[in-house]
Protein chains: 2
Amino acid sequence: MAGDPGGPPPSRGASRDRPASVSIRDVARAAGVSYQTVSRVINDSPSVKASTRQLVLDAIAGLGFRPNRAARALAGGPVQAVTVLTSNTRLYGPAAALEGIEEATRAAGFALGVRVVESGTPADVKDAVERAVDPAGALIVIAYDRAGLATLNAVPPDVPMAGIVETPPDPAQAPRTWVWIDDRTAAMDATNYLLSLGHQTVHYVSIPTWMETSPRAAGWRAALERAGVRVPKPVEGGWEPRSGYRAGLQLARDPDVTAVLCGNDELAIGVMRAMAEAGRAVPEDVSIVGFDDTPQAAFYTPPLTTVRQDFNALGRLCFAKLISLLGQGRQDQEPPWPQAELVVRQSAGPPPERRRRYPPRRP
Amino acid sequence: MAGDPGGPPPSRGASRDRPASVSIRDVARAAGVSYQTVSRVINDSPSVKASTRQLVLDAIAGLGFRPNRAARALAGGPVQAVTVLTSNTRLYGPAAALEGIEEATRAAGFALGVRVVESGTPADVKDAVERAVDPAGALIVIAYDRAGLATLNAVPPDVPMAGIVETPPDPAQAPRTWVWIDDRTAAMDATNYLLSLGHQTVHYVSIPTWMETSPRAAGWRAALERAGVRVPKPVEGGWEPRSGYRAGLQLARDPDVTAVLCGNDELAIGVMRAMAEAGRAVPEDVSIVGFDDTPQAAFYTPPLTTVRQDFNALGRLCFAKLISLLGQGRQDQEPPWPQAELVVRQSAGPPPERRRRYPPRRP
DNA sequence: TCGGTTATTGTGACCGGTCACATGGCGCTT
DNA sequence: AAGCGCCATGTGACCGGTCACAATAACCGA
């Protein structure tokens with residue numbers, strides 16, 4: 001195939017060591033039109049005659065042409081690239097949301113960049129935003145913690161972005177595109193469920209809160225108050241199983257604790273471990289309910305009753321909103337908003353004093 | 001600050017609606033040098049006088065200049081961008097490796113792109129590689145499954161890349177940069193450990209294998225053979241807890257099964273759940289050992305004995321190798337290779353018939 | 001058959017960097 | 001003091017697309 005004089009080689013061919021890529025000029029030559037016409041075709045301009053378009057399309061297919069992202073970005077064309085700014089991707093929520101975003105970007109032919117914002121320090125946030133904005137692409141910020149929130153506020157207003165948040169900020173203050181799952185209501189449902197089992201009250205192990213108004217904690221509190229029941233002090237948790245373990249050790253010491261709602265499933269497994277070590281059986285002595293429904297939750301011992309949150313769907317929705325903001329997607333094509341849903345398994349049951357009346361199921 | 005006549009505004013300022021970015025020409029004007037000198041400074045060219053360099057550096061800082069990645073890529077400069085091609089990021093291994101790569105790229109000031117290769121079909125693989133190669137950046141392929149392997153082979157030889165694999169391919173066949181953890185030896189260690197507890201043999205639940213030579217399975221088999229012990233047929237597992245559950249149900253039916261090595265921790269938790277439902281206690285009746293040491297493994301009931309694999313470190317190492325391949329990093333700065341390590345917890349113990357002599361610890 | 005729209009296509013300049021090469025200044029040798 | 005080479009810097013062209021605008025072709029009614 002080398003040295004074939006029949007067809008003219010791409011403009012500069014292998015003269016340099018860079019892999020010879022085919023450009024719109026090559027396509028134009030092959031199709032017998034101008035490079036601008038090729039540009040119009042690849043951008044779906046309506047003002048190209050159907051026959052001409054087909055000619056160009058054939059040339060594109062024949063030469064295996066692919067538009068160069070860098071050139072397009074440089075010339076100010078449609079970007080087709082998204083960068084995700086997120087905190088620790090080891091956590092289930094951000095990881096699953098990222099997975100959903102990836103699927104959506106891939107389906108739409110967008111490139112995806114990722115940048116983790118480790119700390120919430122102004123310097124770190126500033127650096128992250130500056131670097132992410134660089135290729136003139138769009139931004140998605142996953143903001144479940146303080147660092148994410150700080151990042152959100154550091155994004156210049158002229159950069160197209162969408163945010164995945166726990167609860168939407170004041171719309172008057174920040175007219176942005178947001179996406180979230182109503183976990184306040186979900187927390188109420190979970191709390192009510194435990195109450196309905198006969199527990200006197202429900203304790204709460206929190207994910208890290210940066211404001212007084214964590215929706216999960218708020219939902220839990222609201223449910224207790226509406227039931228006219230004592231509201232225990234929430235136990236400060238974290239994101240990881242280890243902090244759940246610590247919180248569980250503390251709760252296990254209190255014989256009045258019969259039901260615990262956990263801010264996420266990692267916390268829940270830590271609490272369950274602590275209970276096991278303290279000799280308190282789950283769910284016979286203590287009921288545990290988690291949050292998120294991680295893939296492992298159904299296989300814990302006992303299987304975890306938890307609140308399912310479809311972060312993957314949330315990520316896909318967020319991307320859909322972003323491209324409709326960019327004017328490249330249609331509003332009517334946006335997927336529906338995911339809903340939180342209580343998944344009843346076996347880690348919660350009636351409290352010990354009610355066991356006689358409502359014996360626990362044997363799995 | 002608007003309309004200040006003191007300093008000349010950036011070349012085109014806000015004449016168009018795009019965010020006015022400062023270019024090397026702006027910097028050059030401010031520093032009183034040519035744009036090429038600015039280019040030299042930002043690329044650490046040695047042939048710039050120290051005083052001139054400082055002049056330019058000051059101008060850069062003053063104007064807040066940041067090189068435009070797209071322009072640099074287009075002009076064939078150093079790219080400073082890496083794209084990761086990986087299979088499902090929901091799995092612990094790829095996810096943790098990706099996390100390590102992200103940390104390393106961030107520290108090095110590289111941009112990071114991600115592309116998931118869903119299936120291993122030639123079309124999918126081809127598309128993934130073509131898109132990923134597009135910005136002329138470097139590539140990292142995480143190849144723990146068939147799709148990843150297919151991707152590996154589809155990367156053109158002139159694209160700089162490094163691969164994270166389970167076991168290195170024949171170096172003669174593919175002179176590439178590889179990085180891996182010796183899990184064959186680790187599987188032998190885990191198997192030997194179970195044997196040393198007194199088990200007659202050890203069963204194996206496999207992660208999906210695309211060749212006969214999965215290192216984990218090979219290590220398991222080698223250990224059994226060296227001990228002169230019966231080698232049971234491996235049970236076909238998968239990546240997810242659910243397939244571990246199915247495999248566990250099958251194994252639980254066989255009273256001879258007293259020890260099970262699982263290809264990963266997700267499988268292990270599925271097996272444990274199946275055993276629990278079948279009324280076989282872990283570790284009293286059956287011992288379970290996992291692979292990977294996911295963050296939750298220590299908190300399972302019982303805590304899982306497993307083989308720790310530091311995928312995060314592996315990802316960082318891979319990136320270090322990649323940039324030294326690119327000529328931008330130093331070989332002596334590469335981090336050490338991570339080693340697999342058996343973490344003994346409580347999911348494995350002596351078989352039932354030996355319980356009298358070696359009673360199980362009560363946690 | 002002609003002028004005036006309108007649909008379609010082509011031309012030139014530009015985005016912000018890099019490369020190759022040309023040029024200026026300096027110290028050194030002879 | 002002229003000639004040389006090296007260091008430091010500047011100039012022009014180019015990467016592969018896009019934009020604005022000009023130019024041509026096709027079509028219409030009068």
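- No side-chain donor-acceptor contact under 3.5 Å links Glu102(B) to the backbone of Val114(A).
- Atom C1' of nucleotide dG17(D) and atom CD of Gln80(A) are separated by 13 Å, given to the nearest angstrom.
- Summarising the geometry, the separation between CG on Asn68(B) and P on dG17(D) is reported as 16 Å, rounded to the nearest angstrom.
- Relative to the side chain of Ala75(A), the nucleotides dG10(C), dT18(C), dC15(C) differ in distance, and dC15(C) lies closest.
- The stretch residues 71-83 of chain A participates, sequence neighbours left out, in no salt bridge (Lys or Arg N to Asp or Glu O under 4.0 Å) pair at all.
- For residues 58-89 of chain A, no residue pair satisfies the ring pair (Phe, Tyr, Trp, His ring centres under 6.0 Å) rule, not counting sequence neighbours.
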Donor-acceptor pairs under 3.5 angstrom involving side-chain atoms of residues 51-64 of chain A: please list them, not counting sequence neighbours.
| residue | atom | partner | partner atom | Å |
| --- | --- | --- | --- | --- |
| Arg53(A) | NH2 | Ser45(A) | O | 2.9 |
| Gln54(A) | NE2 | Asp58(A) | OD1 | 3.0 |

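- Note: CZ (Arg69(B)) to P (dC15(D)) measures 23 Å, nearest angstrom.
- Considering only side-chain atoms of Leu74(A), the nucleotide from dC15(C), dT18(D), dG17(C) that sits closest is dC15(C).
- Between the side chains of Ser324(B) and Glu334(B), at least one donor N or O lies within less than 3.5 Å of an accepting N or O.
- Atom P of nucleotide dA26(D) and atom NZ of Lys49(A) are separated by 7 Å, given to the nearest angstrom.
- With hydrogens and angles disregarded, a donor-acceptor distance shorter than 3.5 Å links the side chain of Asp26(A) to the backbone of Ser23(A).
- Arg40(A) places no side-chain N or O within donor-acceptor distance of the main-chain N or O of Ser47(A), the cut-off being under 3.5 Å.
- In this structure, CD1 of Ile24(B) is placed 15 Å from P of dT9(D), rounded to the nearest angstrom.
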N/O-N/O pairs, protein side and nucleotides 11-13 of chain C side, under 3.5 Å:
| residue | atom | partner | partner atom | Å |
| --- | --- | --- | --- | --- |
| dG12(C) | N7 | Tyr35(A) | OH | 2.8 |
| dG12(C) | O6 | Tyr35(A) | OH | 3.3 |

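- We find that CZ of Arg53(A) is positioned 15 Å from P of dA7(C), with the value rounded to whole Å.
- Judged purely by atom type and a 3.5 angstrom limit, Arg69(A) uses its side chain to pair as donor or acceptor with the backbone of Gln80(A).
- The side chain of Ser21(B) places an N or O atom within less than 4.0 Å of a non-bridging phosphate oxygen (OP1 or OP2) of dG16(C).
- End-to-end axis angle for the helix from dT1(C)-dA30(D) to dT30(C)-dA1(D), using five pairs per end and rounding to 10°, comes out at 50°.
- For residues 98-130 of chain B, the set of pairs meeting the ring pair (Phe, Tyr, Trp, His ring centres under 6.0 Å) definition, not counting sequence neighbours, comprises Phe110(B)-Phe319(B).
- Nearest-nucleotide assignment on DNA chain D puts the 5′-proximal partner with Ser47(B), out of Ser47(B) and Ile42(A).
- Heavy-atom nearest nucleotides on DNA chain C were determined for Asn43(B) and for Thr52(A), and the one closer to the 5' end corresponds to Thr52(A).
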